[in-house]
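This report concerns only the one structure given below.
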Amino acid sequence: MKKGGWQRSLIDAALLWMAVFPAIRVLADLVKARSFDLSGAGYFWAFAFRGDWSHIAVSLGYLAVFIGLTAALLRFSGKTLFS
C-alpha cells in the first residue's frame, strides 16, 4: 500500500465513474427503448439523472457504491488510474 491515505483513490474512482455511470444509464435506456434517438437527451448528466426524486436518489446511491468499491480496490491494490 502506498502512503497518503484514500484521497488519490477516491479522486481516481470518482473521475472514472463520473464519466462511465451516465454512459451506462443512457445505454441501458436506449436498449430498453430499442431506439438510438438522442435528440431529446439534452445535457448528458441531466439525461442520466432524470425522473422523480426517488429515481435520482437511487442513481446517486449506486454511483456512491461504485465509487467506494473502486476506491477501495485501488487503495488496497496500490494502483492509480490517472497518473
Side-chain angles (χ1 to χ4, degrees):
M1 270 189 286
K2 292 183 179 180
K3 293 183 179 180
W6 286 81
Q7 294 87 3
R8 179 66 186 189
S9 299
L10 280 172
I11 290 169
D12 283 351
L15 286 174
L16 172 73
W17 284 107
M18 293 294 277
V20 172
F21 186 78
I24 292 170
R25 177 79 190 261
V26 169
L27 182 63
D29 287 346
L30 291 174
V31 169
K32 186 170 85 174
R34 295 178 188 217
S35 168
F36 288 98
D37 179 23
L38 286 174
S39 61
Y43 185 61
F44 189 63
W45 272 94
F47 186 70
F49 290 103
R50 69 190 186 288
D52 59 1
W53 286 107
S54 63
H55 288 111
I56 293 170
V58 168
S59 293
L60 290 174
Y62 279 132
L63 187 60
V65 168
F66 293 148
I67 288 173
L69 290 174
T70 305
L73 249 151
L74 290 172
R75 171 74 175 137
F76 292 120
S77 69
K79 301 203 184 278
T80 60
L81 293 177
F82 306 107
S83 62

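Values below: every heavy atom of this structure, side chains too, minus hydrogens, waters and symmetry copies.
L10 and Y62 fall within a single hydrophobic cluster, where Ile, Leu, Val, Met, Phe, Trp and Tyr side chains are chained together by heavy-atom contacts under 4.5 Å. V65 and L63 are assigned to two separate hydrophobic clusters, defined by single-linkage of ILVMFWY side chains at heavy-atom distances under 4.5 Å. F66 and V58 fall within the same hydrophobic cluster, where Ile, Leu, Val, Met, Phe, Trp and Tyr residues are linked whenever their side-chain heavy atoms come under 4.5 Å apart, directly or through other members.
With sequence neighbours left out, L15 forms a side chain to side chain contact (heavy atoms under 4.5 Å, CB included) with I11, F82. Not a single side chain to side chain contact (heavy atoms under 4.5 Å, CB included) links A64 to another residue, sequence neighbours left out.
A donor-acceptor pair is defined here as one N or O able to donate and one able to accept, closer than 3.5 Å; such a pair exists between the side chain of S77 and the backbone of L74.
Nearest approach of W17 to T70, heavy atoms of both residues: NE1-OG1, 2.6 Å. Across all their heavy atoms, A71 and A13 have their closest contact at N-CB, 3.6 Å.
Taking the six-membered ring for Trp and thresholds of 30 and 60 degrees, F76 and W6 have ring planes more than 60 degrees apart, a perpendicular arrangement.
Taking the side chain as every heavy atom from C-beta outward, L73 and K79 never approach each other to under 4.5 Å.
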